[in-house]
Amino acid sequence: MNHWLLKSEPDVYSWDDLVREKVGRWDGVRNYTARNNLIAMKKGDLGFFYHSNIGKEIVGIMKVVKEAYPDPTDEKGKFVCVNVAPVEKFIRPVTLAEVRAHPKLHNLLLLKQNRLSVMPIGVDEWNILCDLGNGNFTR
DNA sequence: GCCAACGTTGGC
DNA sequence: GCCAACGTTGGC
């Protein structure tokens with residue numbers, strides 16, 4: 001199983017919106033690197049939900065419930081989307097500042113590739129971030 | 001609102 | 001195929 005991080009501006013589509021919908025369509029991606037990551041997702045993979053711009057924090061964990069298919073919002077038919085469902089909300093969100101300050105998270109693509117909206121997360125980093133989100137600070 | 005990073009487009 | 005110009009994203 002692979003792990004991911006997906007960004008959304010919460011005033012456009014937030015964690016609460018996903019919870020309300022129960023299953024959300026992760027569409028609107030218009031970047032080839034991000035698209036390739038969407039295509040690589042398998043059903044059951046887990047991903048962090050990151051609020052960009054407003055909040056700048058990881059707010060919860062979701063899972064892939066439908067693998068990549070053509071994005072209906074892309075009239076040119078080049079891009080894809082997946083369906084995701086909420087798994088759990090973090091007890092406390094993990095902020096970008098916190099990620100940046102953590103000695104073991106310096107290689108996260110979140111820091112290195114600012115603008116990438118769909119990215120893979122290594123399992124070690126995944127576990128660290130989950131611990132932080134669940135209020136467990138042991139390292 | 002500004003700016004840095006970086007992806008995309010188009011001219012050559 | 002290169003590169004300048006431009007547009008977009010996202011943090012501050």
Side-chain angles (χ1 to χ4, degrees):
Chain A
M1 175 170 73
N2 290 311
H3 300 87
W4 309 93
L5 181 145
L6 298 97
K7 291 185 186 175
S8 179
E9 298 181 38
D11 53 349
V12 177
Y13 191 79
S14 71
W15 170 264
D16 288 341
D17 292 328
L18 177 60
V19 169
R20 201 172 301 122
E21 287 191 328
K22 300 199 169 58
V23 173
R25 192 179 68 205
W26 206 272
D27 58 20
V29 170
R30 296 293 182 269
N31 168 284
Y32 286 102
T33 304
R35 182 193 69 158
N36 291 342
N37 289 331
L38 285 176
I39 290 172
M41 287 182 189
K42 297 294 178 197
K43 195 171 176 180
D45 280 0
L46 297 175
F48 290 129
F49 195 130
Y50 177 82
H51 280 175
S52 63
N53 260 312
I54 301 167
K56 282 164 285 183
E57 56 196 13
I58 300 170
V59 292
I61 297 172
M62 52 194 167
K63 68 181 175 195
V64 177
V65 294
K66 183 176 179 182
E67 294 178 12
Y69 59 99
D71 182 345
T73 71
D74 174 27
E75 61 284 350
K76 290 183 179 170
K78 286 193 288 192
F79 291 95
V80 300
C81 56
V82 298
N83 287 356
V84 293
V87 174
E88 66 172 2
K89 187 178 184 176
F90 274 174
I91 292 169
R92 50 179 292 282
V94 179
T95 65
L96 180 64
E98 212 175 334
V99 172
R100 192 175 279 135
H102 193 290
K104 290 184 179 169
L105 297 176
H106 289 170
N107 287 325
L108 265 201
L109 289 176
L110 183 65
L111 303 180
K112 296 195 146 183
Q113 259 165 272
N114 229 11
R115 297 178 46 207
L116 186 59
S117 63
V118 181
M119 68 189 75
I121 300 280
V123 68
D124 291 342
E125 287 97 348
W126 176 270
N127 288 329
I128 291 170
L129 289 163
C130 286
D131 281 348
L132 292 174
N134 289 314
N136 176 3
F137 296 100
T138 56
R139 285 171 195 163

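Bear in mind that the values here come from a model prediction, so they are computed numbers and not experimental data. First the proteins, then the strands, lettered A, B, ... as listed; each starts at 1.
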Stepwise side chain to side chain contact (heavy atoms under 4.5 Å, CB included) check, A/H3 with A/V123: CA-CA 7 Å; A/H3 300 87; A/V123 68; 4.0 Å; yes

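- Taking the six-membered ring for Trp and thresholds of 30 and 60 degrees, A/Y13 and A/F49 have nearly parallel ring planes, at less than 30 degrees apart.
- The closest side-chain donor-acceptor pair between A/R115 and A/T33, if any, does not fall under 3.5 angstrom.
- Taking 4.5 Å as the limit, some side-chain heavy atom of A/N37 sits within range of a side-chain heavy atom of A/L116.
- Near DNA chain B, meaning a heavy atom under 4.0 Å from it, residues 7-14 of chain A has no residue at all.
- Taking the 5' to 3' direction, DNA chain B first and last meets chain A under 4.0 angstrom from a heavy atom at B/dA5 to B/dT8.
- Counting only heavy atoms from C-beta outward, the side chains of A/R30 and A/D74 approach each other to under 4.5 Å.
- A/D71 places a side-chain N or O within 3.5 Å of a backbone atom of A/G28 that can act as its donor or acceptor partner.
- In this structure, the side chains of A/M62 and A/F48 stay at 4.5 Å or more apart for every pair of heavy atoms.
- Using a 4.0 Å heavy-atom criterion, one finds that A/N114 contacts the sugar-phosphate atoms exclusively.
- At least one side-chain heavy atom of A/V99 sits less than 4.5 Å from a side-chain heavy atom of A/V94.
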